[in-house]
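In this text the structure is predicted, and so the values were computed from the model without any measurement. The sequence lines fix the lettering, A, B, ..., with proteins before strands; numbering per chain opens at 1.
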Amino acid sequence: MDFTVALAQIKPKLGCLADNGEMICAAVERGISEGIDLIVFPELALTGYFLRDLVPEVALRADSPQLARLLDLSRHIDIAVGFVEASPDYRFFNSALYLSMGEIRHLHRKVYLPTYGLFDEQRYFARGESIRAFDTRFGRMGLLICEDMWHLSVPYILAMDGTTTLICLSSSPGRGISEDESLGSTVAWQKLTSTTAMFLNCRILYCNRVGYEDGVNFWGGSEVVAPSGSVVARGNILLEDYVVGLVEEGALRRERIFSPMMRDESLSITMKELRRIETERNRL
Amino acid sequence: MSLKVNAKLLRQILVGFVREEVCKVGVRKAVLGLSGGIDSALVAFLAAEALGPENVHAFVMPYRTSNPESEAHALLAAEQLGIHCQVVEITPMVDAYFSRYPDADNMRRGNKMARERMTILYDHSAALSALVLGTSNKTELLLGYGTLFGDMASALNPIGDIYKTQVWQLSEEMGVPRVIIDKKPSADLWAGQTDEQELGFTYRQVDELLYCMVDLRMCREELVSKGFDPAFIDMIYNKIQNSHFKRRLPVIAKVSTRTIDRDFRYSRDWGK
């Protein structure tokens, strides 16, 4: 079915759960009042990104009362939001929730934690161990977080698991100034979202934050990408925004008829070859 | 890949940086030293656009050997922007100190002047509830061509990640007065001094090398095959290495389980 999505391109405050919670609830209420079906927030929207030793301080259990208000609001609108999750055994995950009808529909723990260049996530976070699609009232979806998207296997697995809508929550730092119209990171992400949509014949809802933390800017540019790879709606670069897009069932149906790559994708060949590679690697 | 930048985009990022990083601290104002040179003029232009000229307080702090042209250029930039501007001469303080050490060399005197200026900026930072803006560019920071706790001291530095060559380009975009863009860069410590004469190479030469070495991470062999003189490569590499202490916090002897900046790690924007 057709549905409307809002990408809340917000500017979270670093380590301020209460303030960010208010900001998120306000955007959700706006979405409800405008009849939006699904609202998406950035990675770590509840906490900010460069948390470092703050990670344990801002971590919440997935069933925390501090998430109750969002859960309650999700009776009226579906919500995808990023936060720091504490597990009962005190591991901390860079996680995302999909909330719908007052319930947690899905929890994704970021699998690929970038630890290079300006990133230091593996120092603070535990790695997620599963990549699963899930059913929503708008069809089968996949939820992933920023760097997950840069590992081909992740969107591939989600697509093979039946995903037709990929949601990607992001806190992408802007870098790589050159003569080009856009920053290097912007160009790279725009290629990635468009190409991934084309490869997997699925739509992509990409929500990236804005603002600055310790001099690092986050470039925004959230977008709704059609299964053809074309951009349906795109947010401001570097500025706050609230991007609304219509996600059309017909566009998915038509693209899957024109380019039936996912229909033809062979799970058995992939599995056979991956098993062979695994066996050969284990021999080393 | 080259040093050329999309100056409009760079302007947007740096203006946004000044606006947000100043305001999130809970203040609206900035102070900076205006030397009459291009780096501080550019920072004044960025700050005026970010905060409004009424919220930018510039201080021109000449010493008796400073070139009078420098003060005139500083006042020209301030006037064009409509920012607050005061001249505070540092000759009495610096001379009072060196009357005890009359044999002090140029380096000691230059450092003292830079640190004298720093204390004035930080005094007004408290008086005005304003943050001190740094004006060191990436070339100077990498080469260590600045005074530790002097001109290198600041709360926020909008131009510390752009090379001198890019400072020129952005200054054109921002409308910094032509006379300031075109003049030879100088630390103005003594009459007739120019940076390029003192350093022994031009900013354009060293920026090309630094860009390839630091930003693109080319190894020595690649730099040589690209045409850089091996002696020049080694000299610059050594300058970066030997000045690294200036770019770090003071070293703390570790004895506890959580030592500041080693295993006690928080972003500066903690809670902001």
Answer with side chain, backbone, both or neither: which region of Leu183(A) has an atom nearer than 4.5 Å to a non-hydrogen atom of chain B?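 The answer is both parts of Leu183(A).
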
How far apart are the closest heavy atoms of Arg123(A) and Arg265(B), and which atoms are they?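 Heavy atoms only, the tightest pair is NH2-NE, 3.3 Å.
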
Distance-only, no hydrogens or angles: does the Asp53(A) side chain make a donor-acceptor pair with backbone N or O of Tyr266(B) under 3.5 Å?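 A pair under 3.5 Å: no.
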
Sort Asp120(A) into side chain, backbone, both or neither according to what part of it lies under 4.5 angstrom from a heavy atom of chain B.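 Just the side chain, heavy atoms under 4.5 Å.
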
For Ile104(A), is the CD1 atom crowded, meaning more than 12 foreign heavy atoms sit under 6.0 Å from it?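 More than 12 heavy atoms, drawn from other residues, nucleotides or ligands, come within 6.0 Å of this atom.
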
Taking atom NZ of Lys191(A) as the centre, report whether more than 12 heavy atoms of other residues, nucleotides or ligands fall under 6.0 Å from it.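 No.
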
Does atom CG (Leu152(A)) have a neighbourhood of more than 12 heavy atoms from anything else shown, all under 6.0 Å?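 Counting neighbours around CG of Leu152(A), 12 or fewer heavy atoms of other residues, nucleotides or ligands fall under 6.0 Å, so no.
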
For Arg258(B), does the CZ atom have more than 12 heavy-atom neighbours from other residues, nucleotides or ligands under 6.0 Å away?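 Check passes, neighbour count above 12.
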
More than 12 non-hydrogen atoms from neighbouring residues, nucleotides or ligands closer than 6.0 Å to CZ on Phe199(A), yes or no?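 Atom CZ in Phe199(A) is not crowded, with 12 or fewer foreign heavy atoms closer than 6.0 Å.
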
What closest approach, in Å, do Asp269(B) and Leu14(A) show between heavy atoms, and which atom pair accounts for it?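 Scanning both residues, the minimum pair turns out to be O-CB, 3.5 Å.
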
Can you find a heavy atom in the side chain of Val18(B) that is under 4.5 Å from one in the side chain of Tyr212(A)?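 Sidechains of Tyr212(A) and Val18(B): no contact.
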
Does atom CD of Glu57(A) have more than 12 heavy-atom neighbours, drawn from other residues, nucleotides or ligands, at distances under 6.0 Å?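 It does: Glu57(A) CD has more than 12 such atoms within range.
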
With rounding to the nearest 0.5 angstrom, report the CG to OG distance, Leu10(B) to Ser178(A).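 One gets 11.0 Å once the value is rounded to the nearest 0.5 Å.
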
Using every non-hydrogen atom in the two residues, find where Ser2(B) and Glu179(A) come nearest and quote the distance to one decimal.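 Shortest heavy-atom separation between Ser2(B) and Glu179(A) comes out as OG-OE1, 4.0 Å.
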
Between Ser267(B) and Asp214(A) (side chain of the first, backbone of the second, donor and acceptor by atom type, cut-off under 3.5 Å), is there such a pair?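 Not at all, since once roles are kept as given, no pair shorter than 3.5 Å links the two residues.
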
Region of Asn217(A) that comes under 4.5 Å of a non-hydrogen atom in chain B: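 Only the side chain of Asn217(A) comes within 4.5 Å of chain B.
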
Quick check on Lys24(B) against chain A: is it the side chain, the backbone, both or neither that has a heavy atom closer than 4.5 Å?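 The side chain, not the backbone.
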
Please determine whether the number of non-hydrogen atoms from other residues, nucleotides or ligands lying under 6.0 Å from atom OH of Tyr237(B) exceeds 12.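 No - once you tally the heavy atoms of other residues, nucleotides and ligands closer than 6.0 Å, there are 12 at most.
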
Tell me which of these, Gln169(B), Glu20(B), Gln12(B), has more heavy-atom pairs under 4.5 Å with chain A than the rest.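 Highest number of heavy-atom pairs under 4.5 Å: Glu20(B).
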
To the nearest 0.5 Å, tell me how far Leu238(A) CG sits from Leu9(B) CG.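 Reported value, rounded in 0.5 Å steps: 6.5 Å.
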
Contact class of Arg175(A) relative to chain B, heavy atoms under 4.5 angstrom: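 Arg175(A) has no heavy atom closer than 4.5 Å to chain B.
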
Relative to chain A, which segment of Lys272(B) carries a heavy atom at a distance below 4.5 Å: side chain, backbone, both, or neither?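 Contact with chain A is through the backbone of Lys272(B) alone.
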
Separation of Asn6(B) CG from Asp180(A) CG (nearest 0.5 Å):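 The CG atom of Asn6(B) is 8.0 Å from CG of Asp180(A), to the nearest 0.5 Å.
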
